[in-house]
Amino acid sequence: MSCKKLYFQLFSFLALLVFVGGCAKTQEEKELKKTENNISIRIEGAVFPYKKQDIISSVAGYVEDIYVKNGDRVKKGDKIYSLDKELIQLDIDNKKMEIVSLKQIRDHLMNKSSVDGSVPAINLAAMELKKVALLRAKGYANEFEENKYKKNYINTLNSGNNSNNYEKIKNLNKQITTAEIDLKKLKYKLKHADAYAQIDGFVADFHLNKRESIGVNRKICTIVDLDKVIVKAGFSTGLLPFIYKGEQISINFVTTPPYNTSSTITQVNPIVNPSFDRMTIETVIPNKSYILQEGTRALVTIPLSKKGQEEVRKYFLNNKKDTTLEIKSKI
């Protein structure tokens with residue numbers, strides 16, 4: 001074999017090795033290229049109760065019984081406190097008697113007026129005026145006829161004892177209506193003299209003593225549901241296109257001992273939250289150990305897709321070697 005031919009074969013063999021070696025990659029290298037995701041968003045967050053309800057007094061009165069204390073676990077419908085109902089019931093009974101008395105006086109006047117015919121005269125004049133007004137509206141009566149019935153009604157209204165009795169009856173009806181409204185208010189007060197929990201949870205910030213006088217709209221305590229908690233975290237408005245509902249996130253809580261978990265975004269709020277001075281995400285996580293309390297701080301890490309990484313690096317990262325975009329809130 002000539003030297004020229006030998007050199008050609010050796011060159012071809014080396015070229016083949018270079019080509020094959022350049023194209024051949026391990027499975028790990030291929031997967032790494034596909035799944036490379038080394039830029040993420042890290043945002044500050046805090047823990048909020050899953051549910052929270054303030055117990056506010058609906059009516060005023062004296063506290064008769066207290067059924068809970070701070071730290072107690074209650075269920076929806078459990079009684080929190082009750083007011084003394086004796087005075088309320090006395091007011092209800094007196095108001096009922098007042099209404100009965102006013103109605104008796106009114107009925108006496110109406111019966112007296114019926115004897116002398118004055119009230120029926122008013123009613124008859126009113127009915128006639130109503131009929132002629134209807135006929136006028138349909139074109140079957142003229143203005144002169146309608147005015148005649150109006151004058152008749154006015155004259156009947158202002159005649160003798162009729163006018164006096166009519167005004168008395170009208171005033172009595174107003175008093176009866178007012179007394180009936182007062183009675184409804186007293187019944188409402190009686191119904192709401194007992195306060196109940198509206199959610200399951202723990203009693204917190206309870207301040208109340210027996211025989212204490214309380215007014216309307218006083219905060220008695222708070223019921224807090226911490227079996228689950230809501231984690232809210234704030235992000236800058238420009239990052240909204242990169243954050244999605246249902247996206248997997250990791251959360252690092254500032255607790256002792258440290259607690260970390262993963263979850264998915266349950267809600268993306270595009271309205272700036274004043275507490276964070278940012279748009280916010282929310283996620284709901286279980287809290288069986290109750291290590292997470294209201295206000296517990298957290299760092300939430302949101303991974304980015306390859307395309308998202310390129311956009312974030314282009315617009316938000318000053319140092320092109322950074323792998324985390326830190327977003328701070330004012331919480």
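Source: prediction; values computed, not measured. Start at 1 with the first residue, then count along the sequence.
In this model, a donor atom of one side chain and an acceptor atom of the other lie less than 3.5 Å apart for R106 and N173. Side-chain contact annotation: D205 with T222, donor-acceptor N/O pair under 3.5 Å absent.
In terms of the side chain to side chain contact (heavy atoms under 4.5 Å, CB included) criterion, residue partners of D93 (sequence neighbours excluded) are, by chain and number, Q89. Under the rule for a salt bridge (charged side-chain N to carboxylate O under 4.0 Å, His left out), the partners of K85 that lie at least two apart in sequence or sit in another chain are D194. Residues passing the side-chain hydrogen bond (donor to acceptor under 3.5 Å, both in side chains) test with R218, sequence neighbours excluded: E212. For K328, the side chain to side chain contact (heavy atoms under 4.5 Å, CB included) criterion is met by E44, not counting sequence neighbours. Qualifying side chain to side chain contact (heavy atoms under 4.5 Å, CB included) partners for K228, counting only residues two or more places apart in sequence or in other chains: Y50, V284.
Counting only residues at least two apart or in different chains, ring pair (Phe, Tyr, Trp, His ring centres under 6.0 Å) contacts with residues 268-309 comprise F202-Y290.
Look at K95 and E98 and you find a salt bridge, because one of the NZ, NE, NH1 or NH2 atoms lies within 4.0 Å of a carboxylate O, short of that distance. Residues D225 and K52 are not paired through a salt bridge, judged by the lack of any N-O separation under 4.0 Å between the basic side chain and the carboxylate. A salt bridge links D84 to R211: one of the charged nitrogens lies within less than 4.0 Å of a carboxylate oxygen.
The 12-atom threshold is exceeded at NZ of K219, counting heavy atoms of other residues, nucleotides or ligands nearer than 6.0 Å. Within 6.0 Å of atom CD in E326, more than 12 heavy atoms from other residues, nucleotides or ligands are found, so the atom counts as buried in its surroundings. At most 12 heavy atoms of other shown residues, nucleotides or ligands fall within 6.0 angstrom of atom CD in E143.
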*Any chance you could lay out the side chain to side chain donor-acceptor pair (under 3.5 Å) test for N269 and T280, step after step, and finish with the verdict?*
CA-CA 5 Å; N269 300 314; T280 54; 3.1 Å; yes
*Decide yes or no on salt bridge (Lys or Arg N to Asp or Glu O under 4.0 Å) for K103 and E180, but give the supporting numbers first.*
CA-CA 11 Å; K103 286 183 176 180; E180 287 175 339; 3.6 Å; yes
*Step by step, work out the salt bridge (Lys or Arg N to Asp or Glu O under 4.0 Å) result for E167 and K170.*
CA-CA 5 Å; E167 289 300 322; K170 187 168 73 171; 3.7 Å; yes
*Please step through salt bridge (Lys or Arg N to Asp or Glu O under 4.0 Å) for the pair D227 and R73, ending with a clear verdict.*
CA-CA 11 Å; D227 289 342; R73 187 182 185 94; 2.6 Å; yes
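Cluster annotation: V59 and Y62 are assigned to distinct hydrophobic clusters (Ile/Leu/Val/Met/Phe/Trp/Tyr, side-chain heavy-atom contacts under 4.5 Å, transitive). Residue L183 is not grouped with residue I181 when hydrophobic side chains (ILVMFWY) are merged at heavy-atom distances under 4.5 angstrom, including chains of intermediate members. Two different hydrophobic clusters hold L299 and V231 under the rule that ILVMFWY side chains link at heavy-atom gaps under 4.5 Å. Under the 4.5 Å side-chain contact rule for hydrophobic residues, Y196 and L208 do not share a cluster. Both F206 and I55 are part of a single hydrophobic cluster, where members link through side-chain heavy atoms under 4.5 Å apart.
Here the side chains of V74 and V203 are in contact, with some heavy-atom distance below 4.5 Å. Looking only at side-chain heavy atoms (C-beta outward), T301 and I249 stay at 4.5 Å or farther from each other.
A pairwise comparison of heavy atoms in G215 and S57 identifies O-OG, 2.6 Å as the closest pair.
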